[in-house]
Amino acid sequence: MYEIVKAKPDHEVKYTFPTDFWWGSASSATQMEGEANKDGKGPNIWDYWYETEPELFHNKVGPQHTSDFYRRYREDIANMKYIGHNSFRFSISWSRLFPNGFGKVNSHAVVFYNNVINELIKNDIEPFVNLYHFDMPLELQKIGGWENRSVIEAYELYAYTCFELFGDRVKKWFTHNEPIVPVECGYLYGFHYPAVVDFQKAVQVAFHSMLASAKAVQSYRKMHKTGKIGIIINLTPSYPRSDNPEDVKAAHIADLLFNRSFLDPSVKGVYPQDLIDLLKKLDYMPEIQPGDLETIQNNTIDLLGINYYQPRRVKAKEKLIEEGSPFLPEHLFDHYEMPGRKMNPYRGWEIYEKGMYDLLINIKENYNNIECFIAENGMGVEDEERFRDEQGVIHDDYRIEFMKEHLKWLHRAIEEGVNVKGYHLWTFMDNWSWLNAYKNRYGFVSVNLDKDGERTIKKSGYWFKSVVSHHGFN
Ligand code: BG6
């Protein structure tokens, strides 16, 4: 078997992690299951968008087949086990379980998710299950998706059904993955369906998603289940260009809109007053019904998943706003390109490892040091085939470097008392990435689309195996 890192005695390990640290990776249903219209699954917004506008997707590859986890989950879980996973996050496809978003449960979906959960447990891998990962069932989007309050009721039924069906074995639940993303991509910047530009709708969608999350937490607690429930939020630390008060204010506004709009209500049960004041001043408050804020206040989370990819660098507004252009957050600040920044050129995202430490310290200091873990961190790279050797292994040294440098900062955060319990890479195997489809690859395991989806473990997978077995690295 290919061995990448020579085994080292434990006393030589420089960055040691707790023996019960959660090592693993994250994924989502639409991005890896495939069989998108088989076994009774209903269409979601991605299936529909691809059907109607395939040219929007990289190489016109849609979500129909993705990485075939639906059929190959046993082989994939065996690979997870082999490279050292003790935990794995996946999402349930809402439209697989409820083809119309509500109503009758699809029994094929129940069989599939039971099989996956049981197979993970059999392999000593704890299932972490997320409910909503950008995949609104089409029938519910037809009535407005998260814009429509009645979708919250459909989501409550979906969440309750999942807890009921799988909650005897799943002990870590998450209500949403990155709830700000459908808001910004679907209602401001055009990367997700319905791809409209409407700040008022964006705010309403954000509020309804948050309320839905609180209602799922409420329902879980009422069921007296023994596990934990949380949410997964992408935190992008906002750094001002300078100490100039105008730059600092710009960074604060970005932080309120993109981070604290979900972080504060999820963890503290209340929205930041500055955010409320800002939305009132702009005249973009969402519709809130009596009792909603109490529901949010009384149903905060147990566990916070944090996705960290990149920082957000911000400066005071300098660019002119085009007259008549629809309102966007960028009317309040400008993005700032820090000179000398390190970039992942394939994804166009800055790599700033210390950002992980900064956001963890913020959680410790300002969010009661809530139990948390890094739920996603990763590096998407194009054309990894060029790094494949004769043995068939892709030498993704850049990914090893990426993980190492982030883990060093995570390690420091643990030393300084942050209650951070694990690290999950995005993602286990190469997956379909929304509009980017299979352009950039993120996995520990390569999926060769030219060879019927053949799986091969990359160098990073072997490296990870060694890290887990030594509880750390040098
Ligand atoms: C996260 C999402 O935002 O980033 C994943 O939870 C996504 O669904 C990942 O795939 C990487 O982003 P992308 O757009 O390159 O796939």
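Whatever order the structure lists them in is the order used to number ligands and atoms, beginning at 1.
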For this session: Give a yes-or-no answer on whether the side chains of R455 and S67 include a donor-acceptor pair shorter than 3.5 Å.
Result: no
Exercise. Does a donor on one side chain and an acceptor on the other come within less than 3.5 Å for N130 and H176?
Worked result: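 The answer is no; no qualifying pair exists.
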Which pairs would a plain distance check flag for residues 403-410, meaning a side-chain donor or acceptor within less than 3.5 Å of a matching protein atom at least two apart in sequence or in another chain?
{"unit_1": "E405", "atom_1": "OE2", "unit_2": "K408", "atom_2": "NZ", "d": "3.1"}
{"unit_1": "H406", "atom_1": "ND1", "unit_2": "F402", "atom_2": "O", "d": "2.8"}

Exercise. Among R441, K439, K458, which residue meets the salt bridge (charged side-chain N to carboxylate O under 4.0 Å, His left out) test with E384?
Worked result: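 Exactly one pass, corresponding to K458.
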For this session: Check side chain to side chain contact (heavy atoms under 4.5 Å, CB included) between L257 and all other residues, then give those that pass, not counting sequence neighbours.
Result: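 For L257 the side chain to side chain contact (heavy atoms under 4.5 Å, CB included) partners, ignoring immediate neighbours, are F199, I253, L275, L278, P329, L332.
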Please list, one pair per line, the donor and acceptor atoms closer than 3.5 Å that link side chains of residues 178-187 to other protein atoms, with sequence neighbours excluded.
{"unit_1": "E178", "atom_1": "OE2", "unit_2": "N307", "atom_2": "ND2", "d": "2.9"}
{"unit_1": "Y187", "atom_1": "OH", "unit_2": "E147", "atom_2": "OE2", "d": "2.6"}

With the criterion set at N/O pairs under 3.5 Å, what does the list of contacts between the protein and ligand 1 look like, atom names and distances included?
{"unit_1": "ligand 1", "atom_1": "3 (O)", "unit_2": "E178", "atom_2": "OE1", "d": "2.5"}
{"unit_1": "ligand 1", "atom_1": "3 (O)", "unit_2": "E178", "atom_2": "OE2", "d": "2.9"}
{"unit_1": "ligand 1", "atom_1": "4 (O)", "unit_2": "Y309", "atom_2": "OH", "d": "3.4"}
{"unit_1": "ligand 1", "atom_1": "6 (O)", "unit_2": "H133", "atom_2": "NE2", "d": "3.2"}
{"unit_1": "ligand 1", "atom_1": "6 (O)", "unit_2": "N177", "atom_2": "ND2", "d": "2.9"}
{"unit_1": "ligand 1", "atom_1": "6 (O)", "unit_2": "E376", "atom_2": "OE1", "d": "3.1"}
{"unit_1": "ligand 1", "atom_1": "6 (O)", "unit_2": "E376", "atom_2": "OE2", "d": "2.8"}
{"unit_1": "ligand 1", "atom_1": "8 (O)", "unit_2": "Q31", "atom_2": "OE1", "d": "2.8"}
{"unit_1": "ligand 1", "atom_1": "8 (O)", "unit_2": "H133", "atom_2": "NE2", "d": "2.8"}
{"unit_1": "ligand 1", "atom_1": "8 (O)", "unit_2": "W434", "atom_2": "NE1", "d": "3.0"}
{"unit_1": "ligand 1", "atom_1": "10 (O)", "unit_2": "Q31", "atom_2": "NE2", "d": "2.9"}
{"unit_1": "ligand 1", "atom_1": "10 (O)", "unit_2": "W426", "atom_2": "NE1", "d": "3.4"}
{"unit_1": "ligand 1", "atom_1": "14 (O)", "unit_2": "R347", "atom_2": "NH2", "d": "2.9"}
{"unit_1": "ligand 1", "atom_1": "15 (O)", "unit_2": "R347", "atom_2": "NE", "d": "2.7"}
{"unit_1": "ligand 1", "atom_1": "15 (O)", "unit_2": "Y442", "atom_2": "OH", "d": "2.4"}
{"unit_1": "ligand 1", "atom_1": "16 (O)", "unit_2": "S433", "atom_2": "OG", "d": "2.6"}

